[in-house]
Protein chains: 2
Amino acid sequence: MSSVQGGSHAASYERPYRPAQPEGTPVADRRSAIRQAALLLFAAQGYRSTTMADIGAAVGIRGPSLYKHVASKQELLAEIMIGTMEQLIADNIVAVAGADDVRERLRRSVEAHIRYHARHRLEAFVGNREIGSLEQPDQDRVLGRRSDYERRFRELIEQGAAEGTFHVQSTRIASYSILDMGIGVSSWFHEGGEFSVDQLAYQYGDTALRMVGALPHSGTRNGDEPE
Amino acid sequence: MSSVQGGSHAASYERPYRPAQPEGTPVADRRSAIRQAALLLFAAQGYRSTTMADIGAAVGIRGPSLYKHVASKQELLAEIMIGTMEQLIADNIVAVAGADDVRERLRRSVEAHIRYHARHRLEAFVGNREIGSLEQPDQDRVLGRRSDYERRFRELIEQGAAEGTFHVQSTRIASYSILDMGIGVSSWFHEGGEFSVDQLAYQYGDTALRMVGALPHSGTRNGDEPE
DNA sequence: TCTGATGGCTAATGGTCAGTAGCCAAGCTC
DNA sequence: GAGCTTGGCTACTGACCATTAGCCATCAGA
């Protein structure tokens, strides 16, 4: 066994070479595995503190090999952040579409917001913390979506206030407060804890309605079942 | 003008040397100026992306000169983060001390919370975003204070719930929601905007009471004056 | 069986950065 | 005015890191 696999340029030790197509790794999954690993690491260590070598190690390859699948580290971040905002807005559109009543529309919007932040807590967490790590023009794009998203909530609250259904001093503060609660969820929620995603969504929906003065009073005596 | 100030090791160009004690810079302020510059930069660019040279430039000196005033970059971060938690807890103790009624105690706690996050928004912002950049054992210390702080709110809400004054499904979710709203404030508030700090504090105090079901109904008809 | 594409690898490149070493001027104290 | 202290400075060190260059094994298809 004298033939060294590394070729002429390599040192004379046995290189731990892995074949291009190892056992349990379907080729199409590689890219999404990398994305998932990046997400986990960005969330745990921050974008700047995560190295390409870290991401590579998480999927069983070396840092430079990642470039066979991905253009840059920045691209991984951009994908996560833009995807997050797109999904939030898409979910919101669906949520609102199902109801005419402002109260119900706000409830559903909040539930969708919470659901996303609980189910995709890492995306949401990274999406919030790493805005500054995103280069232009993507940063502006994400900030634009974010402000669109906030406007959707604000306009709902304005509408409710105009109708006399909601009672708030500032629609902007109300929308910020509601959204910020959701953002908070992404920093502490974990599956298998005290509450299910559905319970959480329902409770926050309730809380939001209280905040805008749309629940008659101490309300919320209907246990915990959602919908 | 042939005498080069840089000494024998230096190159032969005119060095822009500043005297040890320049005009308008009282010596005692140097350290706090550095701290302030670090705070600004950490908030704007993040801890990892801020270099010692950046901080130096912000106070008119070179990066390495900072080490005459500060032990390390990490020390600057630790000071900010520990100081923030200490202050929040101290403010909370004072706020609660002034009242017996749970309702009033919660209101004052929330107002203090909001006031801090508005007045010291950079500290609060950095304090939240950079926990992961803080090395041990400081990180655990800060997390410990944070959890003490949360407990203070939660116990207040538990007490109110036991008395029948508050009505919530989960005291933990209620405390998290309230605190998260404040954290949000530190990310968007700016002096000179639509609301003063006092107005903000008052409105959030109101909102928090609504959230725990302690305001009879649509409430809040008393304009905007605090206290 | 050849050949191109794919996806690994190591080595190198170019850059950045925290922190250290050592020099020096100004000012204070004795 | 000698000498110490303070707080600047430049140069350097050691490390780290994203990305590129270029090599090669495997595999699919002709």
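Naming convention: chains lettered A, B, ... in sequence-line order (proteins, then strands); numbering from 1 in each chain.
The shortest distance between side-chain heavy atoms of A/Y204 and B/I173 falls below 4.5 Å. Using a 4.5 Å heavy-atom threshold, the side chains of A/L41 and A/T51 count as separate.
When the side-chain nitrogen and oxygen atoms of A/S65 are compared with OP1 and OP2 of C/dG7, none of them lie within a distance under 4.0 Å.
Residue A/R62 contributes atom CZ, which lies 16 Å from atom C1' of C/dA12 at whole-angstrom precision. Rounded to an integer number of Å, the gap from B/K68 NZ to C/dG19 C1' is 13 Å. Distance B/I61 CD1 to D/dT10 P: 12 Å, rounded to the nearest Å. To the nearest angstrom, P of D/dG7 lies 12 Å from CZ of B/R31. One atom, CZ of A/R30, and another, P of C/dA5, lie 22 Å apart when rounded to the nearest Å. For the pair B/H69 NE2 and D/dT6 P, the computed distance is 11 Å after rounding to whole Å. Rounded to whole angstrom, the span from the CG atom of A/L66 across to the C1' atom of D/dA18 amounts to 11 Å. We find that OH of B/Y67 is positioned 17 Å from C1' of C/dG22, with the value rounded to whole Å.
Projected onto DNA chain D by closest heavy-atom contact, B/P64 and A/K73 fall at different nucleotides, the more 5' of which corresponds to B/P64.
Residues satisfying the salt bridge (Lys or Arg N to Asp or Glu O under 4.0 Å) test with B/D91, not counting sequence neighbours, are none.
Listed in residue order, the members of residues 43-59 of chain B having a heavy atom less than 4.0 Å from DNA chain C are B/T50, B/T51, B/M52.
B/R48 and A/S49 form a side-chain donor-acceptor contact under 3.5 Å, judged by distance and modelled atom types alone.
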Pairs of donor and acceptor atoms involving the side chains of residues 145-152 of chain A, under 3.5 Å and at least two apart or interchain, shall be tabulated with distances.
from   : atom 1 : to     : atom 2 : distance (Å)
A/R145 : NH1    : A/E86  : OE1    : 3.4
A/R145 : NH1    : A/E86  : OE2    : 2.5
A/R145 : NH2    : A/E86  : OE2    : 3.2
A/R146 : NH2    : A/N128 : OD1    : 2.6
A/D148 : OD1    : A/R151 : NH1    : 3.3
A/Y149 : OH     : A/H113 : ND1    : 2.7
A/E150 : OE1    : A/R154 : NE     : 3.4
A/E150 : OE1    : A/R154 : NH2    : 2.9
A/E150 : OE2    : A/R154 : NE     : 2.9
A/E150 : OE2    : A/S175 : OG     : 2.6
A/R152 : NE     : A/N92  : OD1    : 2.5
A/R152 : NH2    : A/N92  : OD1    : 3.3

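A pairwise comparison of heavy atoms in A/E130 and A/Y47 identifies OE2-N, 2.9 Å as the closest pair.
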